[in-house]
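One structure below.
Proteins get letters first, then strands, A, B, ... in listed order; numbering begins at 1 in each.
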Amino acid sequence: MTLQLHNTLTKKIEPFTSQQEGKALLYTCGPTVYNYLHVGNWAAYIYWDTLVRTLQANHYSVERVMNITDVGHLTSDADDGEDKLEKGARREGKTAWEVAEMYAEDFMGGMEKLGLLLPQHVTKATDFIPQQLDLVRILKEKGYTYQITDGIYFDTSKFANYADFASLDLEAQKAGARVEFNPEKRNASDFALWKFTPAGEKRDMEWQTPNDLLIDPNQQLMGFPGWHLECSAMAMSILGPTLDIHTGGIDHIPVHHTNEIAQSESASGQLFSRFWLHNNHLTADGTKISKSLGNGYTLQDLAERGFSALDYRMFVLQSHYRSESNFSFENLAAAKNRLDHWRAIAALRHQTHDTLQNDDDKSLDDHSVSLQATSQAIIETLNNDLNTPETLHIVDVAFSKLDTTSLGSIHQHGLQEVLNTIDEVLGLQLQSSTPDIDDDSKQVIIERQRARDEKNWSESDRLRDELLGKGITIRDTPGGSIWEYAPTTLLQ
RNA sequence: GGCGCGUUGGCGGAGCAGUUACGCAGCGGUCUGCAAAACCGCGUAGACGGGUGCGACUCCCGUACGUGCCUCCA
């Protein structure tokens with residue numbers, strides 16, 4: 001099966017194709033760096049990392065841009081809230097620049113812990129101010145903008161298909177709106193492209209508004225970009241007017257992405273993105289994740305309870321990206337146990353003695369065949385709109401078979417191939433987390449076997465404890481002793 | 001008020017119109033020097049009411065409940 005993806009644009013699952021053969025242009029809406037990311041935020045990046053890996057498994061080279069929003073994201077989409085960065089800065093007694101730097105660094109650290117592939121372009125909104133102003137200029141020249149007291153706005157009534165993407169009923173929304181909108185705006189859905197620093201205020205982050213963008217060119221106005229503008233400016237200036245895929249959270253459909261499409265397509269006259277993928281949200285402890293509820297767990301919170309970032313990655317892969325899923329530590333523990341089992345299987349690759357070099361050797365029951373088929377099946381299920389839960393099921397079935405297979409009968413090459421595939425597409429680092437044990441430990445295992453042969457149980461148990469001290473557990477099977485890495489214990 | 005989604009066993013979570021999802025947890029057993037692991041078995045899931053099928057968890061309609069976005073947020 002070729003890669004099929006659910007496209008929000010058409011609300012259907014469609015075969016994926018790119019504009020340029022073998023190359024996919026991808027834009028991912030990144031974080032606003034005014035706080036630590038919580039598990040819900042991270043889930044999105046894990047899903048999109050799986051997308052990138054799946055594209056690569058389908059022989060696409062991926063050129064990907066991810067923004068870091070370090071300015072202009074207001075605390076309200078009504079364009080009259082505070083800037084999150086400026087607010088965060090006041091909270092912490094720092095400048096907006098320092099806050100952005102600190103949390104951006106934390107974000108990059110989290111990416112690494114989770115084993116997320118680094119996009120080719122990780123771009124900060126503040127590094128793309130000229131490009132954003134250029135976009136405003138183009139829109140102004142084409143007659144899509146108007147200026148009011150607090151900024152330059154995009155007139156959504158001039159973009160005929162504005163409501164289509166999110167199936168918006170603008171009139172009904174207006175009637176039921178719970179937020180007062182700026183009465184100077186021509187339409188409730190109009191949004192700020194560029195905001196002016198209010199008179200008498202000084203922001204940490206502000207730039208001179210180019211005179212040619214103003215009604216009165218003699219005005220001297222400081223300002224800053226609206227939140228939606230940055231994504232369009234970075235995406236188009238780096239990847240060109242039309243993306244192959246644009247990803248983001250489901251919450252972005254009605255406002256952020258709708259606005260991105262409006263401003264980008266109005267400026268370029270071309271389709272902004274051919275595919276739009278949206279991840280559903282995570283709840284935590286049965287309710288929506290929210291700072292005020294205290295369930296916005298961070299990676300640090302997980303670590304303090306004995307869970308690694310990769311345990312969390314496994315947890316996220318257990319549900320489909322378009323389903324709403326629920327985070328709890330109980331569920332995370334289930335994911336961790338599953339990952340520990342997979343690692344035990346991965347450790348077998350050091351302990352098999354491959355007597356069969358030929359994959360087609362039929363004398364070896366069906367293990368080699370099934371392992372080969374597993375690698376293929378993993379890609380197939382991911383190609384089905386990134387069906388990661390089904391992928392895990394396939395791996396479980398294959399690994400269960402290995403549980404019942406004696407060491408000598410495991411087809412090492414096939415196992416190696418499956419592990420490679422899993423690590424490539426799921427990023428669980430099964431192999432790097434299970435290096436071969438050192439020679440000393442191997443010697444201890446041999447000595448223990450000798451003690452057991454002599455029924456010297458006290459010596460045998462002593463050696464087993466010695467290995468446990470090194471984080472290695474032993475299980476004795478009819479076919480011999482097998483070692484694996486001891487699972488890390490959870491803090492209660 | 002508008003738009004959307006969901007309801008599967010103790011917890012999580014898929015596929016599929018007719019045969020075990022899978023994982024985790026629980027109980028019983030086998031194996032084992034012990035332990036661990038593994039294996040076998042058990043608990044007979046599909047909100048409710050209709051409809052269409054020989055047959056529905058799986059398609060259609062309705063009801064109830066829950067939930068998301070429109071307001072911080074992936």
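With sequence neighbours left out, the salt bridge (Lys or Arg N to Asp or Glu O under 4.0 Å) criterion links A/Asp436 to A/Lys442. For A/Glu390, the salt bridge (Lys or Arg N to Asp or Glu O under 4.0 Å) criterion is met by no residue, not counting sequence neighbours. In this structure A/Phe315 satisfies the ring pair (Phe, Tyr, Trp, His ring centres under 6.0 Å) test together with A/Tyr312, A/Phe327, sequence neighbours excluded. Applying the side chain to side chain donor-acceptor pair (under 3.5 Å) rule to A/Ser319 yields the partners A/Tyr47, A/Ser325; only residues at least two apart in sequence or on another chain are considered. Under the ring pair (Phe, Tyr, Trp, His ring centres under 6.0 Å) criterion, A/Tyr485 pairs with A/Trp483, not counting sequence neighbours. Evaluation of the salt bridge (Lys or Arg N to Asp or Glu O under 4.0 Å) rule for A/Arg90 yields A/Glu82 as partners, not counting sequence neighbours. Judged as a salt bridge (Lys or Arg N to Asp or Glu O under 4.0 Å), and not counting sequence neighbours, the contacts of A/Arg203 are A/Asp83, A/Glu86.
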Between protein and nucleotides 20-23 of chain B, what N or O pairs are separated by less than 3.5 Å?
| residue | atom | partner | partner atom | Å |
| --- | --- | --- | --- | --- |
| B/C22 | O4' | A/His393 | ND1 | 3.1 |
| B/C22 | O2' | A/Arg338 | NH2 | 3.0 |
| B/C22 | O2' | A/Asp396 | OD2 | 2.4 |
| B/G23 | O4' | A/Arg338 | NH2 | 3.2 |

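Helical stems in RNA chain B, defined as runs of 3 or more consecutive Watson-Crick or G-U wobble pairs with both donor-acceptor distances under 3.5 Å, are listed by first residue as B:1-7 with B:64-70, B:10-12 with B:22-24, B:26-30 with B:38-42, B:47-51 with B:59-63.
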Check residues 98-117 of chain A and write down every donor-acceptor pair under 3.5 Å in which the side-chain atom is one partner and the other belongs to a residue at least two apart or another chain.
| residue | atom | partner | partner atom | Å |
| --- | --- | --- | --- | --- |
| A/Glu98 | OE1 | A/Thr95 | N | 3.0 |
| A/Tyr103 | OH | A/Glu92 | OE1 | 3.4 |
| A/Tyr103 | OH | A/Glu92 | OE2 | 2.4 |

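The salt bridge (Lys or Arg N to Asp or Glu O under 4.0 Å) analysis of residues 338-350 of chain A, with sequence neighbours excluded, yields the pairs A/Lys336-A/Asp340, A/Arg338-A/Asp396, A/Asp340-A/Arg343.
For the segment residues 442-458 of chain A, residues with any heavy atom less than 4.0 angstrom from an atom of RNA chain B are, sorted by number, A/Arg448, A/Arg452, A/Trp457.
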